[in-house]
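For reference, the structure is listed below as structure tokens.
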Amino acid sequence: MEIFYDKKTFSEYIKTQKEKNKTIGFAPTMGALHAGHISLYKEARQKNDIVISSIFVNPTQFNNPEDLEKYPRTIDVDIKKLENSNLVNAVYIPRVEDIYPNRMERKHYNFGGIENEMEGAARPGHFDGVGTVVEELFVQVQPDNAYFGEKDFQQLKIIEKLVEVLNLKINIHGVKIHREENGLAMSSRNMRLSEIEKETSSLIYKTLKQVNDWTKTLNISDIKEKVENIFNQGEMDLEYFMIADEETLKEVNSISNDKNYRAFIVVNIGNVRLIDNLHLD
Ligand code: PAF
């Protein structure tokens, strides 16, 4: 596996791959790699000649400076995991100035309104920051296919829109959520949970599965009340729960058969913010 720490040498690598007509599959990350990331590379390996990952903790997508400071950084372990996976041809670990050559600031995007729902409302500027870094990485990596986990389902939809708005010829692939044995969705933030907190957090997925069953018999306001009661009794603070249309990401009050819906949960446990979602069948 090749490792690139700056834009110049990385661009030469990309140029060579393009000259050889190699197809490129790309999975951007912020590091602290786990099995969820590996599943992105596995997916990418099946369709592309070259699989590239990036590791860059992007400051402009953090609306909370403490969250940025506490974000786990485990670069040496990450490189070992990438090497051991045998799935990745190259990793790009850019410096801040490779991504933000002038000022480190967010661009502003219009993603048709989905940027204002859920995480967009809870974390102002977050999706502009994600759009800014992913647009720049797409320019530098020039992938044919790019892979994003469904855990950040809204982010996946934002990236699909980004490609549409910028008219880029990149196929965006969503990859199913990878879970711990107890159901906790894999996330780099899980590293900050104690063993007890990890166990407690299994309630998130259990609740999502119950929600899926309840939608068959209960109306949405009753489901919301039930979910709020579940979290009122435990150690986790429910930040929001909602059922939303998968296309518009707008919260719905009722379900119709011709549309797809997803349940979304965000909780805080200690000072860790966890998000999860489930497609409703
Ligand atoms: O999902 C992430 O890890 C990040 O938001 C991404 C897509 C790498 C952009 O920084």
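- Geometric assessment of R262 against the ring of F153 yields a positive cation-pi assignment under the 6.0 Å and 45° thresholds.
- A salt bridge is absent between D128 and R123; no separation between the charged side-chain nitrogens and carboxylate oxygens falls under 4.0 Å.
- Annotation: F62 is in aromatic contact with Y71 [ring centroid separation under 6.0 Å].
- A search for side-chain hydrogen bond (donor to acceptor under 3.5 Å, both in side chains) contacts involving Y240 returns E119, not counting sequence neighbours.
- With no hydrogens or angles considered, a side-chain donor-acceptor pair links T60 and Y100 at under 3.5 Å.
- At a threshold of 4.0 Å, the pair K198-E180 does not count as salt-bridged, since none of the basic side-chain nitrogens sits closer than that to a carboxylate oxygen.
- Between R273 and D237 there is no salt bridge, since none of the side-chain N atoms of the basic residue sits less than 4.0 Å from a carboxylate O of the acidic one.
- When all heavy atoms are compared, the tightest approach of Q140 to I14 is O-CG1, 3.6 Å.
- Residues satisfying the side chain to side chain contact (heavy atoms under 4.5 Å, CB included) criterion with K226, sequence neighbours excluded, are W214, L218.
- The hydrophobic cluster containing I196, built from Ile/Leu/Val/Met/Phe/Trp/Tyr side-chain heavy atoms closer than 4.5 Å, comprises no other residue.
- I204 contributes atom CD1, which lies 12.0 Å from atom CD1 of I230 (distance to the nearest 0.5 angstrom).
- Between F10 and Y92, the distance from one ring center to the other falls under 6.0 angstrom.
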